[in-house]
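These notes are about the structure you will find just below.
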Amino acid sequence: MKVVICVGSSCHLKGSHEVLVRLQELISENKVEDKVELAASFCLGQCAQGVSMIIDGKLVTNANKDTIDSIFNEQILPYAK
Ligand code: FES
């Protein structure tokens with residue numbers, strides 16, 4: 001599956017780098033490196049609700065250091081096949 005994180009300027013200011021680093025940790029802790037492809041994207045047009053991500057083609061907003069663990073556990077890990 002593909003997970004895209006917005007690294008546009010608004011999302012960058014809202015901590016997209018932190019989200020990306022934490023996601024990399026979660027992916028390796030759960031040993032799904034070969035199942036989850038991480039990519040960065042420019043502005044996804046949802047700056048007001050950033051950090052924005054696209055998980056398997058679906059827009060997910062409000063990612064941050066407090067929400068990324070539950071986003072991963074609920075919306076990525078169960079589908080990482
Ligand atoms: S900068 Fe991320 S949605 Fe615009």
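Start at 1 with the first residue, then count along the sequence. Start at 1 and go down the list; that is how both ligands and their atoms are numbered.
For L23, the side chain to side chain contact (heavy atoms under 4.5 Å, CB included) partners are V3, I5, L38, M53, I68, F72, I76, not counting sequence neighbours. For N64, the side chain to side chain contact (heavy atoms under 4.5 Å, CB included) partners at least two apart in sequence or on another chain are D66, T67.
Below the 2.8 Å limit, atom 4 (Fe) of ligand 1 has as protein N, O or S neighbours C43 SG, C47 SG.
Of the options C43, S41, S16, a side-chain contact (heavy atoms from CB on, under 4.5 Å) to C11 is made by S16 and by none of the others.
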For this session: List the steps and the verdict of side chain to side chain contact (heavy atoms under 4.5 Å, CB included) for V7 and H12.
Result: CA-CA 5 Å; V7 293; H12 178 75; 5.6 Å; no
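Apart from L13 itself, the hydrophobic cluster it occupies contains nothing, where clustering links Ile, Leu, Val, Met, Phe, Trp and Tyr at side-chain heavy-atom distances under 4.5 Å.
Salt-bridge formation is detected for the pair D69/R22: a Lys NZ or Arg NE/NH1/NH2 atom is positioned less than 4.0 Å from an Asp or Glu carboxylate oxygen.
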